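Structure, as structure tokens:
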Amino acid sequence: MRIARDLADAVGNTPLIRLRQVSEETGCEILGKAEFMNPGQSVKDRAALYIIRDALARGALKPGGVIVEGTAGNTGIGLALVGAAMGFKTVIVIPETQSEEKKDMLRLAGAQLVQVPAAPYRNPNNFVHYSRRLAEQLNESEPNGAIWANQFDNVANRQAHVETTGPEIWEQTGGKVDGFVCAVGSGGTLAGVAEVLQPKGVKIGLADPMGAALYSYYTTGELKTEGGSIAEGIGQVRITRNLEGFTPDFAWQVSDTEALPYVFDLLRHEGLVQGGSTAINIAGAVRLARELGPGHTIVTILCDYGTRYQSKLFNPDFLREKELPVPDWMTEAPRSIPGVFEDT
Ligand SMILES: Cc1ncc(COP(=O)(O)O)c(C=O)c1O
Ligand SMILES: CC(=O)OC[C@H](N)C(=O)O
């Protein structure tokens, strides 16, 4: 029996789940690291924990202090939960465009939300810059000070994956892993896992959504964007500090139309409820499987729990509005067992 000392101790050590359909289709073993099984239901709990621990170790975060972050939601949820367990308040700056489910979860977790209009990174009112300024102000006015978590350029984020995610994948597969692929939000997961697995000969792939600039950067040297994606929490347009020193072996750009059917199938046939970034990741894993050929083992990330996107990714009206594929089952009446009536 193993008892977690506290919430922080329950972060990580997630299972690797074989993804049946894509494994059968490609002849590879495609395995998903079940990051939605973290306490905050996303891969970002790892970064949140390491950012808080690092700020404590440096003496920057003091008892009763405030943690401020600009986030698409998941990092904020991680910070709010780990922060609550350790006695810190959190202030979260989030673009209005992010799902209501994530905002509700943040409020529930006790975070104070500041919603800002979505703006490009070069705009001083972009959520990242806004959160930095807010942290600076609060550090002056709050009795116990405030820190800016700064997930994009704070390499405590990447270190979480160097010390935990990467070694976990190596141990769980007994070193029998040929490829790793995922998308980038801050880059902590991809660059951190690559730092551990690439020197061991594992091929690293970047799956970039439309609207991000990294596919272009790693294939032509130019940061260029085109199109857009409904996947939240990913889609980077610059080389963050977490990405510095990292080079993938392969890079692909994946459209939502190609990727989303993978999460619809996972939900329908494998009981896995996932978000849009997982769809991009699985599409990337399939591309890597085709590149390496049958018989290889490829790991990717199951980033967060899909209930977080029920009003978008799993809403036929939203999908139609975005001209995205709607699976038939989503609009069919639910299958019911004769003689069983809904409780009203
Ligand atoms: C849903 C989701 N998927 C993927 C990622 C990417 O993780 P990383 O920041 O480590 O690149 C994030 C956050 O960044 C996220 O919120
Ligand atoms: C938009 C983006 O890169 O978000 C970063 C991270 N996924 C978060 O939840 O904050």
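Values in this document were obtained by computation on a predicted structure and should not be read as measured data. Read the numbers this way: they start at 1 and go in the same order the structure lists the ligands and their atoms.
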Notebook entry, point to check: Is the shortest N/O to N/O distance between Asn74 and ligand 2 below 3.5 Å?
Noted result: yes
Note to self: Classify the ring geometry of Tyr121 against His129: parallel below 30°, tilted from 30° to 60°, perpendicular beyond 60°.
What the structure shows: tilted
Checklist line | Nearest non-hydrogen protein atom, atom 1 (C) of ligand 2 | finding: Ala72 CB, 3.8 Å
Checklist line | Among Ser186, Gly233, Ala212, closest by any non-hydrogen atom to atom 7 (N) of ligand 2 | finding: Gly233
Next item on the list: Just let me know how Tyr309 lines up against ligand 1, side chain, backbone, both or neither, with a heavy-atom cut-off below 4.0 Å.
Entry: side chain
Check: For atom 4 (C) of ligand 1, which protein heavy atom lies nearest, and how many Å away is it?
Finding: Ile234 CG2, 3.4 Å
Next item on the list: For the pair Asn157 (side chain) and Ala47 (backbone), establish whether a donor and an acceptor sit closer than 3.5 Å, ignoring hydrogens and angles.
Entry: no
Checklist line | Donor-acceptor pair, side chain of Asn139 and main chain of Ala146, under 3.5 angstrom | finding: yes
Note to self: Within ligand 1, which atoms have a heavy atom of Asp304 less than 4.0 Å away?
What the structure shows: 1 (C)
Item checked: Min heavy-atom dist Glu232 to ligand 2 below 4.0 Å -> no
Check: More than 12 non-hydrogen atoms from neighbouring residues, nucleotides or ligands closer than 6.0 Å to CD on Glu323, yes or no?
Finding: no
Note to self: Does ligand 1 come near enough to Gly187 that some N or O of the ligand is less than 3.5 Å from an N or O of the residue?
What the structure shows: yes
Next item on the list: For Thr71, take its heavy atoms, then give the atoms of ligand 2 lying under 4.0 Å from any of them.
Entry: 8 (C), 9 (O), 10 (O)
Item checked: Partner of Glu232 by salt bridge (charged side-chain N to carboxylate O under 4.0 Å, His left out), out of Lys102, Lys103, Arg308 -> Lys102
Note to self: Strictly below 4.0 Å, N to O, side chains only: are Arg268 and Asp328 in salt-bridge contact?
What the structure shows: no
Notebook entry, point to check: Does any N or O atom in Thr189 lie less than 3.5 angstrom from one in ligand 1, N or O only?
Noted result: yes
Checklist line | Shortest reach to atom 13 (C) of ligand 1 by a heavy atom, considering only Ala183, Gly233, Ala160 | finding: Gly233
Checklist line | Any side-chain donor near an acceptor of the partner, Tyr309 and Asp304, under 3.5 Å | finding: yes
Note to self: Regarding ligand 2, does Phe127 bring an N or O atom to under 3.5 Å of one of the ligand's N or O atoms?
What the structure shows: no
Notebook entry, point to check: Quick check: does Asn157 get an N/O under 3.5 Å from an N/O on ligand 1?
Noted result: no
Item checked: Residues, nucleotides or ligands: over 12 heavy atoms within 6.0 Å of Gln112 CD -> no
Next item on the list: Identify the protein heavy atom lying closest to atom 6 (C) of ligand 1, giving its residue, its atom name and the separation to 0.1 Å.
Entry: Gly185 N, 3.5 Å
Check: Of the protein's non-hydrogen atoms, which lies at the shortest distance from atom 8 (P) of ligand 1, and what is that distance?
Finding: Ser186 OG, 3.4 Å
Next item on the list: Start with the C-alpha gap between Asn144 and Leu61, add the side-chain angles, then the distance that decides, and say whether side-chain contact (heavy atoms from CB on, under 4.5 Å) holds.
Entry: CA-CA 8 Å; Asn144 300 307; Leu61 182 60; over 6 Å; no
Checklist line | Heavy-atom nearest neighbour in the protein, as seen from atom 2 (C) of ligand 1, with distance rounded to 0.1 Å | finding: Ser277 OG, 3.4 Å
Notebook entry, point to check: Crowded around Arg122 CZ? As in, over 12 foreign heavy atoms under 6.0 Å?
Noted result: no
Next item on the list: Could you verify whether a donor N or O on one side chain and an acceptor N or O on the other, from Asn126 and Arg132, lie under 3.5 Å apart?
Entry: no
Note to self: Please list, in number order, the atoms of ligand 2 under 4.0 Å from a heavy atom of Gly185.
What the structure shows: 3 (O)
Next item on the list: Report yes if Asn74 has an N/O atom closer than 3.5 Å to an N/O atom of ligand 1; otherwise report no.
Entry: yes
Notebook entry, point to check: Would you find more than 12 non-hydrogen atoms of other residues, nucleotides or ligands less than 6.0 Å from Lys312 atom NZ?
Noted result: yes
Notebook entry, point to check: Which of the numbered atoms in ligand 1 are below 4.0 angstrom from a heavy atom of Gly188?
Noted result: 10 (O), 11 (O)
Next item on the list: Determine whether Thr14 and Glu168 make a side-chain contact, defined as any pair of heavy atoms from C-beta on separated by less than 4.5 Å.
Entry: yes
Next item on the list: Report, in ascending order of atom number, the atoms of ligand 1 lying under 4.0 Å from any heavy atom of Glu232.
Entry: 1 (C), 2 (C)
Item checked: Option from Lys176, Arg18, Glu29 for which side-chain hydrogen bond (donor to acceptor under 3.5 Å, both in side chains) with Thr297 holds -> Lys176
Item checked: ligand 2 contact on Glu69 by region, counting heavy-atom pairs under 4.0 Å -> neither
Item checked: Proximal ligand 2 atoms for Thr75, defined as those under 4.0 Å from one of its heavy atoms -> 6 (C), 8 (C), 9 (O), 10 (O)
Margin query: Using a 3.5 Å cut-off on N or O atoms only, is Gln151 in polar contact with ligand 2?
Written below: yes
Margin query: Please confirm whether Val184 approaches ligand 1 to less than 4.0 Å, judged on its heavy atoms.
Written below: yes
